Amino acid sequence: MGAINGKEYINRIDQLQTEIWLDGKRITGKISEHPAFKGMIQTKASLYELQHNPLFQDKLTFPSPESGNPVGLSYLQPRTKDELIKRREMMEIWARHTHGLLGRSPDYMNSALMAFASSAKSLNNKENSFPENIESLYKRAREYDLSFTHTFITPQVNRSQFYFENSKEPIAARMVGQNENGIIIKGARLLATQGGLTDEVLVFFTGGETDERNAFAFSLPSDTPGLKFICRESFVGGESSFNYPLSSHYEEMDTILVFDHVLVPWERVFFYNNIDAADMFMLQSSFHSFAFHQVITRQIVKTEFILGIAELLVDTINVSGYPHIQEKLSEMIIGLETMRALLAKSEEGAKADESGIFRPSTIPLQVASNVYPRIYPRFVEIIQLIGASGMVSLPSEKDFASSIRGDLDQYLQAASRNAEDRVKIFRLAWDLTMSPFGTRQTQYERYFFGDPIRLSSFLYQSYPKEKYRDLATDFLKLNP
Ligand SMILES: Cc1cc2nc3c(=O)[nH]c(=O)nc-3n(C[C@H](O)[C@H](O)[C@H](O)COP(=O)(O)OP(=O)(O)OC[C@H]3O[C@@H](n4cnc5c(N)ncnc54)[C@H](O)[C@@H]3O)c2cc1C
């Protein structure tokens, strides 16, 4: 089969009839026609469509080592630096197509799965571990261009250090049994972005817990019996691209995943009941390197777009002459160039791992993933500070089509734009930073890859600090 097109993605998702709940109702009919999902599904379909566009085909696909068919390039296991760079160029094309606003463009999870499969051998001969199932899922995903959501965390019940869930009825999804067909899971997991809008869901134990019953990893088709996706409220403001330029195309939805005695067939289990193997796998696999590589590439493209919006605002109301405005725009430029430099350094320092896979250097990517959750909310604030009342003086598309148009044209004109263009620009800035969609984007960039506080602890713990301590030790001539 190989790389799919947009129509194939939509047909597959419609046919699944996954159990998705929104606002008290189970969704029936074609998910691709539902107002909460259709914009994002169309956007995602347009990414798959690019794989068949003669202008991009060579940059977005590569010949499958198995079938020879063109398959998605985010599945490529890079064995040279050139291949690593080809991967990044592929991710840039998809990110540019969505201005970096689709957090879960399919290359994110494809890269994660590629990385897990590349490191699967480290689970060889470990108790209750089936590395061959990760490899076969990877191959199937690559050949059929499957899309994935994922859930890596447990429900936010009690995050104190010493909490151990002991309720009889599981809250966090746990293994409640096993039989000749597989393991049985009951409970909930958070937080599957695009849950129900992908072919499969990847469930992974990412460490930090002591309950063996939670230490499992597997992948299941989204329509598996007993699996339920519970949506938050939709942040699609409406269908009008004029009124809601971003949410009408990019609202991804986040879901709580509930397992009601779900049977995970043995051939889909990666590991279970083995905390040591699970912890080791998460730390040693190339998951962080390749997932961060995709994330930082997307965030750079998003920052270029945000800088463009800020500059458009400045130009529209002619405030570029003020030093504090220049300083604010410089802050954005510094953020953008810092992220670019870190990405370049990660590629520069890439090395082949024990499986011959060319991993980007992790430390610069870890630094970037600590920088962005801090600078993104500041970018949002800068746009709000530049836009001021313009961020709320926002008549709608219908206002411009009504008899008050003359008033709008006169009173909402701007230094360099007519009223309609000015409102379009400010609506874009509002949807990025103040609408429910925009506010969720901020929360997403803060948290989607984990708690920024714990990400910085991880950086501190993994950073080689000894040689710097030695410098100070030598200076003072202390005993080592
Ligand atoms: C928009 C959005 C989309 C997401 N999409 C996905 C997805 O698709 N798949 C997925 O698996 N996850 C997803 N996530 C979840 C994300 O992985 C988590 O938000 C992140 O790991 C933090 O966990 P938490 O939200 O449970 O916060 P908590 O762990 O509950 O933290 C709450 C507060 O307590 C503090 N805290 C808690 N524990 C500690 C500790 N041990 N040490 C220090 N401080 C602590 C935190 O710093 C924070 O201030 C998404 C999150 C968001 C916001």
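Every number for a ligand or one of its atoms is a count from 1 in the order of the listing. We use all heavy atoms of the structure for the numbers below, so side chains are in, but hydrogens, waters and symmetry mates are not. Nothing fancy with the numbering, it's 1 onward along the sequence. Because the structure is predicted, anything quoted here is derived from the model rather than measured.
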N/O donor-acceptor pair under 3.5 Å between Ser167 side chain and Pro170 backbone: no
Measure the distance from [atom] to every protein heavy atom, then report the residue, atom name and distance (to 0.1 Å) of the closest one.
{"atom": "atom 21 (O) of ligand 1", "value": "Gly450 CA, 3.3 Å"}
{"atom": "atom 36 (N) of ligand 1", "value": "Arg454 NH2, 3.7 Å"}
{"atom": "atom 50 (C) of ligand 1", "value": "Leu191 CD2, 3.5 Å"}
{"atom": "atom 28 (P) of ligand 1", "value": "Arg159 NE, 3.5 Å"}
{"atom": "atom 11 (O) of ligand 1", "value": "Phe152 N, 2.7 Å"}
{"atom": "atom 16 (C) of ligand 1", "value": "Tyr447 O, 3.3 Å"}
{"atom": "atom 27 (O) of ligand 1", "value": "Gln156 NE2, 3.7 Å"}
{"atom": "atom 23 (O) of ligand 1", "value": "Ile153 CD1, 3.9 Å"}

| message | Any nitrogen or oxygen of Arg104 lying under 3.5 Å from a nitrogen or oxygen in ligand 1? Just yes or no. | response | yes
Tell me whether His150 has any N or O atom under 3.5 angstrom from an N or O of ligand 1. yes
Legend entry - Geometric cation-pi criterion Arg298 and Phe448, 6.0 Å radius, 45° cone: yes
Checklist line | Short side-chain donor-acceptor distance under 3.5 Å, Ser74 and Gln294 | finding: no
Ring center gap for [X] and [Y] short of 6.0 angstrom:
{"X": "Phe148", "Y": "His150", "value": "no"}
{"X": "Phe116", "Y": "Phe287", "value": "yes"}
{"X": "Phe437", "Y": "Trp430", "value": "no"}
{"X": "Phe218", "Y": "Phe216", "value": "yes"}

Intermediate values then yes/no, side-chain hydrogen bond (donor to acceptor under 3.5 Å, both in side chains), Asp107 and Ser111: CA-CA 6 Å; Asp107 47 330; Ser111 299; 5.8 Å; no
Atom 46 (C) of ligand 1: of Thr255, Leu202, Asp451, Thr193, the nearest heavy atom sits on Asp451
